[in-house]
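Remarks on the structure that follows.
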Amino acid sequence: MLIAWHIGRGSAHSGNGRVRFYRVAGLSVASEIDLPGLVTIDPAPQTDVTIRWGAAPERLPDATASGATWQIAGKQLLFRIPDIARFLLDDGREILVARESEAATADVPVFILGTVFGILLHQREQVVLHASAVAVSGRAVLFCGASGAGKSTLAAALTQRGYPLVTDDFCALTLDGPGAPLAQSDGRQLKLWGQAIERLKLAPSRGEPVRKSLEKFYVKPREAWTAPLPLAAVYILREARPPHAAGLERPNIVDAALLLRRNAYRPLLVQRMNQKARYFRAASAIANAAGVFHLTRALDFDTLPQVVASLERHWVDLRLMEAA
């Protein structure tokens with residue numbers, strides 16, 4: 001479903017206060033915590049995930065795996081952002097949030113919509129890539145890369161060209177059946193640094209800061225896609241510097257599968273949650289069903305128009321769209 005961006009009024013009241021309803025990565029979410037940057041929806045017949053304030057523990061006594069900020073015990077995972085909050089994720093169905101500082105309450109949502117929800121999708125055995133995505137002729141095109149690779153900036157430039165936003169930051173994929181994998185959309189807003197907003201002339205669409213301590217803001221795209229889309233292509237972003245020249249190239253299927261695995265969202269947890277084999281199988285399926293490409297370009301706003309033009313030419317070659 002294609003929508004012009006708007007903010008809905010999907011909310012209700014429970015014994016604990018107002019509950020808002022959202023769709024994140026194809027899942028219906030009921031949350032006691034306001035989640036800026038998402039479109040609210042009407043209450044769904046069935047809720048997939050609930051988010052609420054509560055007494056998340058400081059540790060899991062029966063933990064079988066742990067890191068500096070997380071512990072796993074059975075179907076539960078405890079994740080901590082020091083001085084912000086603790087998040088207890090239960091079987092991919094519930095997120096219990098305990099504040100560690102009242103002053104940091106406003107920062108809680110950005111962690112829920114990033115790392116915390118990404119972990120929850122891993123609990124649900126979803127394939128999750130660190131990617132932003134736009135819709136091209138009714139199919140999803142993904143841009144993968146580490147933080148700072150320019151995924152959101154490139155997606156923003158493409159939305160200005162009329163390509164609806166599918167998702168930002170991470171993208172969950174469903175691999176049911178023999179067809180192309182499906183990219184799950186949620187119509188979230190973009191998160192862009194102030195410099196990108198200025199250079200792309202997006203100030204009229206700028207919303208609230210993502211965090212008060214950062215010059216990063218929510219930005220409403222012109223249009224957003226809110227239904228699953230078949231995957232058409234995945235571009236792995238890479239900076240143009242020796243020995244890599246600017247341009248597009250297609251790696252062989254083995255390298256493509258490895259690249260997709262490396263671009264899993266929070267790849268260390270993929271391994272610790274025993275999902276490494278699943279990701280290799282999924283990566284092979286994605287490489288076979290959709291094109292995987294290196295997109296090498298300068299990290300320079302002045303070259304963005306040329307990058308967008310090269311992508312559009314490539315989509316014509318891939319028969320995703322017709323030549324202008």
Side-chain angles (χ1 to χ4, degrees), residues 14-20 22 24-25 27-38 47-130 146-147 169-172 186 188 191 210-214 216 261-279:
S14 72
N16 296 322
R18 174 170 293 184
V19 175
R20 295 170 177 83
Y22 305 94
V24 183
L27 301 174
S28 61
V29 177
S31 177
E32 292 181 358
I33 302 171
D34 188 19
L35 301 176
L38 291 182
T47 298
D48 299 307
V49 179
T50 59
I51 303 173
R52 61 187 180 89
W53 298 111
E58 294 187 5
R59 62 183 60 85
L60 296 178
D62 300 323
T64 56
S66 63
T69 59
W70 56 271
Q71 300 175 36
I72 299 174
K75 294 183 178 182
Q76 291 188 323
L77 188 147
L78 180 66
F79 179 64
R80 179 175 181 250
I81 303 293
D83 301 321
I84 302 290
R86 298 186 305 279
F87 306 88
L88 181 65
L89 291 76
D90 192 354
D91 197 24
R93 301 180 182 277
E94 182 181 64
I95 301 171
L96 190 67
V97 184
R99 285 170 287 212
E100 294 197 349
S101 167
E102 287 291 335
T105 298
D107 289 334
V108 168
V110 69
F111 291 107
I112 292 176
L113 291 177
T115 300
V116 174
F117 214 93
I119 294 170
L120 179 131
L121 291 169
H122 286 316
Q123 283 188 318
R124 297 179 70 94
E125 299 184 346
Q126 287 265 36
V127 173
V128 192
L129 296 180
H130 202 180
S147 297
D169 192 34
F170 64 72
C171 185
D186 51 32
R188 68 176 58 206
K191 297 194 294 289
V210 173
R211 296 183 67 183
K212 291 182 179 180
S213 59
L214 295 178
K216 199 171 192 177
R261 167 65 182 82
R262 290 169 188 161
N263 282 276
Y265 195 75
R266 302 298 183 258
L268 175 61
L269 283 173
V270 169
Q271 181 176 350
R272 293 299 185 93
M273 296 172 76
N274 299 317
Q275 297 192 41
K276 188 174 180 180
R278 177 179 292 106
Y279 266 75

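Since this is a predicted model, take the numbers as computed values, not measurements. In what follows, every heavy atom counts, from backbone to side chain, and hydrogens, waters and symmetry copies are set aside.
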Of all heavy-atom pairs between [X] and [Y], which one has the smallest distance, and what is that distance?
| X | Y | value |
| --- | --- | --- |
| Phe170 | Gly114 | CE2-O, 3.7 Å |
| Leu88 | Ala56 | CB-CB, 4.1 Å |
| Asp48 | Leu27 | OD2-CA, 3.5 Å |
| Arg188 | Leu113 | NH1-O, 3.2 Å |
| Leu121 | Ala25 | CD1-CB, 3.9 Å |
| Val97 | Ala85 | CG1-CB, 4.1 Å |

Starting at [atom1] of [X], measure out to [atom2] of [Y] and round the result to the nearest 0.5 Å.
| X | Y | atom1 | atom2 | value |
| --- | --- | --- | --- | --- |
| Ile84 | Arg99 | CD1 | CZ | 12.0 Å |
| Leu77 | Leu60 | CG | CG | 7.5 Å |
| Arg262 | Leu129 | CZ | CG | 14.0 Å |
| Ile112 | Leu35 | CD1 | CG | 5.5 Å |
| Asp90 | Leu78 | CG | CG | 11.5 Å |
| Ile95 | Ile51 | CD1 | CD1 | 4.5 Å |

Check your understanding: Quick one: side-chain hydrogen bond (donor to acceptor under 3.5 Å, both in side chains) partners of Asp83, sequence neighbours excluded?
Key ->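 For Asp83 there are no side-chain hydrogen bond (donor to acceptor under 3.5 Å, both in side chains) partners, ignoring immediate neighbours.
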Ignoring hydrogens and geometry, is there a side-chain-to-backbone donor-acceptor pair from [X] to [Y] under 3.5 Å?
| X | Y | result |
| --- | --- | --- |
| Gln123 | Gly92 | yes |
| Tyr22 | Asp34 | no |
| Ser31 | Arg20 | no |

**Study point:** Side chain to side chain, Arg52 and Leu96, heavy atoms closer than 4.5 Å
**Key:**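 Counting from C-beta outward, Arg52 and Leu96 do come under 4.5 Å.
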Review point. What pairs of residues pass the side chain to side chain donor-acceptor pair (under 3.5 Å) test when at least one of them lies in residues 61-75, not counting sequence neighbours?
Key: none
Check your understanding: What pairs meet the side chain to side chain donor-acceptor pair (under 3.5 Å) rule with one or both residues in residues 100-119, with sequence neighbours excluded?
Key ->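 Residue pairs passing side chain to side chain donor-acceptor pair (under 3.5 Å), neighbours aside: Arg80-Glu100, Arg86-Glu100, Asp107-Arg211, Thr115-Arg266.
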Exercise for review: Check side chain to side chain contact (heavy atoms under 4.5 Å, CB included) between Asp169 and all other residues, then give those that pass, not counting sequence neighbours.
Suggested key: His130, Lys191, Tyr265
Exercise for review: Go through the structure and list residues passing side chain to side chain contact (heavy atoms under 4.5 Å, CB included) with Glu125, not counting sequence neighbours.
Suggested key: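 Applying side chain to side chain contact (heavy atoms under 4.5 Å, CB included) to Glu125 gives Arg278.
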Check your understanding: Excluding sequence neighbours, so at least two apart, what forms salt bridge (charged side-chain N to carboxylate O under 4.0 Å, His left out) with Arg93?
Key ->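 Scan of Arg93 (salt bridge (charged side-chain N to carboxylate O under 4.0 Å, His left out), adjacent residues dropped) gives Asp91.
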